[in-house]
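First comes the structure, then the notes that go with it.
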Amino acid sequence: MQPTRPDEFLPPYRHSEQLRSTPVFLPRFEPEEPQRTPLRLISALGSATRQFGADALILTHFIGAVLRGGLTYPGTARTHWARNLLTQVRFTAVQALPFLGTIAVLIGVTVIVQANAQAVRFGVSDVLGRILTSVVVRELGPLLTAIVVLGRSGTAIAAELATSTVLGETDAMEAMGIDPLQYLVFPRVLGGAISVALLVVFFNAITLGSGALAAWALRAVSIGEYMGSLRLALSPGDLVLMVGKGAIFGAGIATLCAYAGLMGGRTPPDIPRSVTHGVVLSLLFVFAVSALFTVLAYT
Amino acid sequence: MSTAIQFDAVVPEEFDPDWTKPLTMEVPEGSFQVIRTTPLRSAPFMRLCVGLFSAGAGRVQVLGEDPASLDRSGAQRFRRSLGVALLPDGLISNLSIRMNIVLPLVYNGKANVSEATELADAALGECGLQQWANNRPSSVPPDVRQQAVIARAIAHRPRLLLLDDPFSSVKSRDAATLAALCRTSARTVVIATHRRSDALYQLADRTAFWDERGYRDEVGSS
């Protein structure tokens, strides 16, 4: 009688744990074991650098594949694609409005109360609008909007795509000739870019409005003076900058979270790890791009 | 008769403790082949056939192509001529059963949404699933889920149908009907099964066993 192997009776799903962890659409790089030599610190550093380079290459390949997928939609899928995009915008932008609006009101009031305290001390109350413009419109608005979108939608994208991978949905799509990057990722990236661009404008408008009310309530300046100060401080370039920043933040967050979700692995414990990875990558991206924008635009 | 699938001394690229011997086998085009094996063999076999895995050694030919050597767009074109049911089944959890069938049709450029919906409804009707069409995969029983995967695989009348243990949760009478439907829906059918199924063996042109002793055609099968 043949001996019976215990794993013969496990559900076939168990097999998915043994399937390779890198999705089929990406090149694979095997990390090297650091050598046990007296120079192992240098060896480890070299290894980490190589791994970073390999990760950067995979990410670049991923972004290229997403863009190629977006440019080669079959005509028959356009209706479905448009519906997918609208769903993404509804979830990322429309459903975030109450939460983001509340934060915008609180930030507007906080900044004005703080700025007013300092302005009164130095006798420069007429600069309140200018302070709000430079602090909120140019910096805090896009940054906080991106962080809120990352918390709501970025984590959802990473978790959803990681779950899709674990459940074998991405493998099934590949096997049926559907490009998962085209179906799953591109609408999320485009939807993220559109949503965050719109949300930044919304956030800034609410913050400036609530700031005006706070300034009026504190009797710091009149609404007219405040609006005049805003008009002087704001330029059309600011609008371009905030929309551009928002679009880049949105596309970046969606891409990085999708990347983390699809690359995370094929077992259920990989799902939270993918979400964490996506959040960390996105935060680094958002702060780096924000700093870069500021340096390029205002120096 | 040309060959739909040919494996010559194939070993998967990734180490697989179950794939102890290189696999040599072939499936002639136009045949209905049943392979009795284990999940740990059938899953990499199916993935090698569609090019999701590549062979570490040996040669894989499916419909005259080496699936793993195709570039991305070539692989997508190649896979559109197949009907595939892998394990896990990969039904998309946030779409209804009907939309799960519509999706590959519209993304493969075979039909627009309304034509694809008609094809999907026809496939659902053939599998007896009309009443489940608007349900999501998580809300249907396992047998319905398996039948939905078969409906998705046959909706575009593929040239080659590759099914990994498609009837494990389906009642045997339904399994016989579905197997007959598979036979009429595709030119070549390869079904891996993980348990004995007399109804399937009776329908098959060829039956093979694949275990730790290797791959062997059943005596008497053509």
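Letters A, B, ... are given to chains in the order of the sequence lines, protein chains preceding strands, and every chain is numbered from 1. Note that this is a predicted model, so its numbers are computed, not measured.
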Inset, instruction - State whether a side-chain donor-acceptor pair under 3.5 Å links Q51(A) with D55(A). - result: yes
Legend entry - Residue S164(A) versus chain B: region with a heavy atom under 4.5 Å: neither
Legend entry - Which atoms of V50(B) approach chain A - backbone, side chain, both or neither, heavy atom under 4.5 Å: side chain
Inset, instruction - Under the side-chain contact (heavy atoms from CB on, under 4.5 Å) rule, what do Y107(B) and T76(A) come out as? Steps first, then yes or no, please. - result: CA-CA 7 Å; Y107(B) 272 82; T76(A) 48; over 6 Å; no
Legend entry - Side chain / backbone / both / neither for L162(B) at chain A, heavy atoms under 4.5 Å: neither
Legend entry - Donor-acceptor under 3.5 Å (Q146(B) side chain, S169(B) main chain): yes
Legend entry - Option in Q76(B), R77(B), M46(B), H156(B) with maximal non-hydrogen atom pairs under 4.5 Å from chain A: Q76(B)
Inset, instruction - Compare every heavy atom of L199(A) with every heavy atom of T92(A), then report the nearest pair and how far apart it is. - result: O-CD1, 3.5 Å
Legend entry - Residue part contacting chain A, namely of L86(B), when any heavy atom lies under 4.5 Å: side chain
Inset, instruction - Using non-hydrogen atoms and a 4.5 Å limit, figure out which bit of R68(A) sits close to chain B: side chain, backbone, both or neither. - result: side chain
Inset, instruction - Answer yes if the side chains of S139(B) and R136(B) hold a donor-acceptor pair under 3.5 Å, and no otherwise. - result: no
Inset, instruction - Compute whether any side-chain donor of one residue and acceptor of the other, for T188(B) and E29(B), lie under 3.5 angstrom apart. - result: no
Inset, instruction - Please flag which part of N94(B) lies under 4.5 Å from any non-hydrogen atom of chain A: side chain, backbone, both or neither. - result: side chain
